[in-house]
Amino acid sequence: MTILVIAEHDNKVLAPATLNTVAAAAKIGGDIHVLVAGQGAGAVAEAAAKIAGVSKVLNADNAAYAHQLPENVAPLVAELGKSYSHILAAATSNGKNILPRVAAQLDVDQISEIISVESADTFKRPIYAGNAIATVQSNASVKVITVRATGFDPVAAEGGSATVEAVAAAHDAGTSSFVGEELAKSDRPELTAAKIVVSGGRGMQNGDNFKHLYALADKLGAAVGASRAAVDAGFVPNDMQVGQTGKIVAPQLYIAVGISGAIQHLAGMKDSKVIVAINKDEEAPIFQVADYGLVADLFEAVPELEKLV
Ligand SMILES: Cc1cc2nc3c(=O)[nH]c(=O)nc-3n(C[C@H](O)[C@H](O)[C@H](O)COP(=O)(O)OP(=O)(O)OC[C@H]3O[C@@H](n4cnc5c(N)ncnc54)[C@H](O)[C@@H]3O)c2cc1C
């Protein structure tokens with residue numbers, strides 16, 4: 001069995017989610033190859049070659065892959081992937097953009113967002129916003145799988161010494177072109193990789209009040225997240241949303257401030273190691289999943305907490 005893992009990267013840096021995806025591949029067992037599709041991403045290929053457990057890195061360096069447009073990357077993955085038993089990518093925006101197209105081109109079903117590997121053909125994945133866990137067995141010739149990063153502890157980024165092989169194949173579907181991107185700039189850790197996350201909900205009342213959370217987060221070295229209600233109300237941008245239709249996080253510590261604890265929010269954070277909730281309503285459902293709950297007005301509790309940190 002040989003498994004192909006699609007590297008998550010920005011042509012410069014290998015994203016940590018790749019390490020979790022390799023961990024899932026290691027659970028399946030067999031040889032692990034990593035595909036770096038990009039342009040000028042030599043440093044990423046080198047980093048991928050150092051990942052513990054990886055035996056080969058395929059470096060597809062081409063202008064067609066510069067922005068990882070799924071229309072171009074999917075045919076590459078489908079072409080290379082035919083000779084693999086499994087194709088894995090992290091269930092990130094990129095992974096979720098590319099792999100369904102790969103599955104369609106290989107005429108197999110995709111197995112989405114696995115959280116555990118039972119055997120080489122059987123996997124567990126959450127359904128109904130994480131309220132039930134389905135066990136899925138696949139007899140597809142090539143198993144095309146997205147991996148929920150929080151389900152797998154990352155493998156070591158160092159320790160491997162894989163060979164790096166250039167891939168010449170260039171697929172330019174010519175159906176899409178890259179126009180531009182606006183990246184949110186922040187000195188805080190990335191939400192899905194942060195060890196501590198402080199999230200605010202509708203109880204924050206407006207975007208300006210998030211300054212209380214930013215101040216606390218900066219002292220804790222934390223990322224700041226939000227509920228969908230806070231995003232929909234325009235308090236903060238939607239890349240901060242945690243939940244079923246936002247990001248899935250599982251930090252060491254999750255502090256939910258002015259968040260009621262709707263199931264769709266819990267779907268994105270209930271695997272956090274320690275959950276702290278600050279809410280003025282003692283009946284708020286968030287307290288059912290919280291390890292520590294503070295029934296208090298957040299506008300008093302958060303500044304007080306920040307002073308103590
Ligand atoms: C298909 C679907 C997908 C969804 N996806 C997501 C998702 O990905 N993420 C997500 O978060 N939601 C999602 N939702 C929305 C979800 O159902 C809830 O509406 C949302 O999570 C509520 O956000 P909230 O807790 O901030 O707001 P509310 O439910 O309005 O809760 C606000 C809380 O703040 C407390 N509060 C108010 N003032 C203060 C104060 N001064 N001090 C302390 N506490 C205070 C209140 O007691 C209350 O508990 C989804 C819904 C659907 C239908």
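Note that ligands are numbered from 1 as they come in the structure, with each ligand's atoms numbered from 1 the same way.
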Which bit of Val242 is near ligand 1, meaning a heavy atom under 4.0 Å away: side chain, backbone, both or neither?
backbone
What protein heavy atom sits nearest atom 5 (N) of ligand 1, and how far away is it?
Thr245 OG1, 2.6 Å
of all protein heavy atoms, closest to atom 31 (O) of ligand 1 is Ser260 CB, 3.3 Å
Between Gln241 and ligand 1, which part of the residue brings a heavy atom under 4.0 Å of the ligand: side chain, backbone, both or neither?
side chain
Min N/O separation Phe299 to ligand 1 under 3.5 Å
no
Looking at atom 45 (C) of ligand 1, what's its closest protein heavy atom, distance included?
Lys280 CG, 3.7 Å
Tell me, which protein residue and heavy-atom name are nearest atom 41 (N) of ligand 1, and how many Å apart are they?
Asp297 OD1, 3.3 Å
Find all atoms of ligand 1 within a distance of less than 4.0 Å from any non-hydrogen atom belonging to Gly246, and give their numbers and elements.
8 (O)
Matching residue for Thr21 among Ile3, Val5, Ile145, Thr92 - test: side-chain contact (heavy atoms from CB on, under 4.5 Å):
Val5
For atom 26 (O) of ligand 1, what is the nearest protein heavy atom, given as residue, atom name and distance?
Ser227 OG, 2.6 Å
Arg188 with Asp218: basic N within carboxylate O range, under 4.0 Å
yes
Under 4.0 Å and counting heavy atoms only, is there anything from the protein next to atom 19 (O) of ligand 1?
no
Which atoms from ligand 1 have a heavy atom of Gly201 less than 4.0 Å away?
26 (O)
Can you name the nearest heavy-atom pair linking Ala173 to Glu71, along with the distance?
CB-O, 3.6 Å
Exercise: do Glu306 and His212 side chains pair donor with acceptor under 3.5 Å:
no
Are the side chains of Val57 and Thr163 in contact, using a 4.5 Å heavy-atom criterion?
no
Looking only at non-hydrogen atoms, find the nearest pair between Ser272 and Pro251 and report the distance.
OG-CD, 3.2 Å
Which residue and atom name correspond to the protein heavy atom nearest atom 48 (C) of ligand 1, and how close is it?
Asn279 ND2, 3.7 Å
By number and element, which atoms of ligand 1 are closer than 4.0 Å to a non-hydrogen atom of Gly243?
7 (C), 8 (O), 9 (N)
Shortest protein heavy-atom distance from atom 37 (C) of ligand 1, along with the residue and atom involved:
Gly203 CA, 3.4 Å
Contact (N/O only, under 3.5 Å) between Leu298 and ligand 1
yes
Check this for me: Lys273, atom NZ, are more than 12 non-hydrogen atoms of other residues, nucleotides or ligands nearer than 6.0 Å?
yes
Which atoms form the tightest heavy-atom contact between Met1 and Ser85, and what is the distance?
CG-OG, 3.5 Å
Between Ala296 and ligand 1, find which residue part has any heavy-atom pair under 4.0 Å and reply side chain, backbone, both or neither.
backbone
Go through ligand 1 atom by atom and flag the ones less than 4.0 Å from a non-hydrogen atom of Gln244.
7 (C), 8 (O)
Quick one: nearest non-hydrogen protein atom to atom 22 (C) of ligand 1, plus distance?
Ala229 CB, 3.8 Å
Look at atom CG of Asn131 and say whether more than 12 heavy atoms of other residues, nucleotides or ligands are closer to it than 6.0 Å.
yes
Here the pair of heavy atoms bringing Ala223 nearest to Ala194 is CB-CB, 3.6 Å
Under a 3.5 Å threshold, yes or no: a donor from one side chain and an acceptor from the other, between Arg125 and Ser112?
no
Counting only heavy atoms, tell me which of Gly268, Ala301, Gly258 gets closest to atom 32 (C) of ligand 1.
Gly258
With a 4.0 Å cut-off, would you call Glu118 and Lys27 a salt bridge?
no
Under 4.0 Å, heavy atoms only, figure out whether ligand 1 is touched by the backbone of Ala262, its side chain, both or neither.
side chain
